[in-house]
Amino acid sequence: TQLLEQSPQFLSIQEGENLTVYCNSSSVFSSLQWYRQEPGEGPVLLVTVVTGGEVKKLKRLTFQFGDARKDSSLHINAAQPGDTGLYLCAGELVNSGAGSYQLTFGKGTKLSVIP
Amino acid sequence: DTGVSQNPRHKITKRGQNVTFRCDPISEHNRLYWYRQTLGQGPEFLTYFQNEAQLEKSRLLSDRFSAERPKGSFSTLEIQRTEQGDSAMYLCASSSGLAHSYEQYFGPGTRLTVT
């Protein structure tokens, strides 16, 4: 059972379109991060959200953390070919134990933006 | 750029051989993590160090795997008697021990292929 479910798994859109990808769980997270990963490279941190209901904007990207801290979404406005990549959400479980900082990852959403 | 570095970037080895990977974290980050990522999956936690102490190990870390961080700076991950199922991307990440300690910064990874 995947603790963090990401949807859709694959998304192919035209340049200029808007999109939203989702990260859902039945577990509560103390923090949640979004990463973007390109083939053969490590994940690059985009944003961290820690407060239920929090919304963060990073240029054309908008991140939201659910009120109950169980889910998150990433919205991209006017997607560009440079946005192509694997988008991973990862969270630190609330009940992961004192001193445990491991991240639990979803499988990711593979985004292709066609010029 | 003083990001996380990993060496080698690629390693091809024959089944049964031992391999060792190195990770140099961001300077002054006292927390260091190892993850493994297989095709189509998100990274999975392997182990975590705070300074030189290995504080947590995943059940994924079999007896053939050993990690060290002898001086609290760089870390090594050794796999003994490699098996084909060990083929994966091995990722290292680091984080500070201060506020926002949940923000983990990843290196480029070491791609291991066991033939």
Side-chain angles (χ1 to χ4, degrees), chain A residues 1-10 21 23-25 28-51 54 56 58 63 65 69 72 85-94 96-110, chain B residues 1 3-6 8-10 21 23 25-26 29-51 53-61 88-113:
Chain A
T1 304
Q2 194 77 18
L3 272 177
L4 276 169
E5 297 282 350
Q6 291 192 244
S7 61
Q9 275 191 280
F10 302 95
V21 298
C23 175
N24 295 300
S25 178
V28 179
F29 291 89
S30 56
S31 68
L32 198 137
Q33 289 93 67
W34 284 91
Y35 291 85
R36 186 165 75 97
Q37 186 177 27
E38 300 196 19
E41 299 295 328
V44 175
L45 181 65
L46 297 175
V47 80
T48 300
V49 286
V50 296
T51 305
E54 183 176 3
K56 279 193 175 178
L58 186 67
F63 304 85
F65 200 13
R69 292 184 291 144
S72 181
L86 178 68
Y87 288 83
L88 292 159
C89 67
E92 187 181 336
L93 285 165
V94 165
S96 60
S100 174
Y101 302 99
Q102 63 174 280
L103 291 177
T104 298
F105 279 84
K107 288 187 178 182
T109 292
K110 192 168 183 181
Chain B
D1 189 307
V4 179
S5 62
Q6 292 187 246
R9 292 294 311 275
H10 303 276
F21 311 139
C23 170
I26 293 171
H29 273 190
N30 61 9
R31 293 183 181 142
L32 186 148
Y33 313 79
W34 286 98
Y35 291 82
R36 181 172 71 186
Q37 186 177 24
T38 53
L39 202 61
Q41 303 292 322
E44 294 174 295
F45 171 79
L46 292 178
T47 190
Y48 150 66
F49 289 85
Q50 178 143 339
N51 299 312
Q54 188 174 18
L55 296 185
E56 193 169 357
K57 290 194 285 188
S58 161
R59 288 172 296 174
L60 292 175
L61 212 66
M89 174 79 93
Y90 289 84
L91 293 162
C92 175
S94 70
S95 68
S96 73
L98 305 174
H100 306 296
S101 61
Y102 33 73
E103 292 189 336
Q104 295 183 22
Y105 297 89
F106 283 81
T110 294
R111 167 75 64 188
L112 173 66
T113 302

Practice item. Give the C-alpha distance, both sets of side-chain angles, the deciding distance and a yes or no for side chain to side chain contact (heavy atoms under 4.5 Å, CB included) between A:Phe105 and B:Phe45. Key: CA-CA 9 Å; A:Phe105 279 84; B:Phe45 171 79; over 6 Å; no
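- Only the side chain of A:Gln37 comes within less than 4.5 Å of a heavy atom in chain B; its backbone stays farther off.
- When heavy atoms are compared at a cutoff of 4.5 Å, A:Leu103 approaches chain B by way of both its backbone and its side chain.
- Judged purely by distance below 3.5 Å, without hydrogens or angles, the side chains of B:Glu56 and A:Gln102 pair a donor atom with an acceptor atom.
- In this structure the side chain of B:Tyr105 reaches within 4.5 angstrom of the side chain of A:Leu45, judged on heavy atoms.
- Put simply, of B:His10, B:Arg111, B:Gln41, B:Met89, the one with the most heavy-atom pairs under 4.5 Å next to chain A is B:Gln41.
- Across all non-hydrogen atoms, the minimal contact from B:Leu91 to A:Gly42 is CD2-CA, 3.8 Å.
- Highest contact tally toward chain A, considering only B:Ala93, B:Pro43, B:Cys92, B:Ser58, is held by B:Pro43 [criterion: heavy-atom pairs under 4.5 Å].
- With salt bridges taken as basic N to acidic carboxylate O contacts below 4.0 Å, one links A:Glu41 and B:Arg9.
- Heavy atoms closer than 4.5 Å to chain A are found nowhere in B:Glu44, neither backbone nor side chain.
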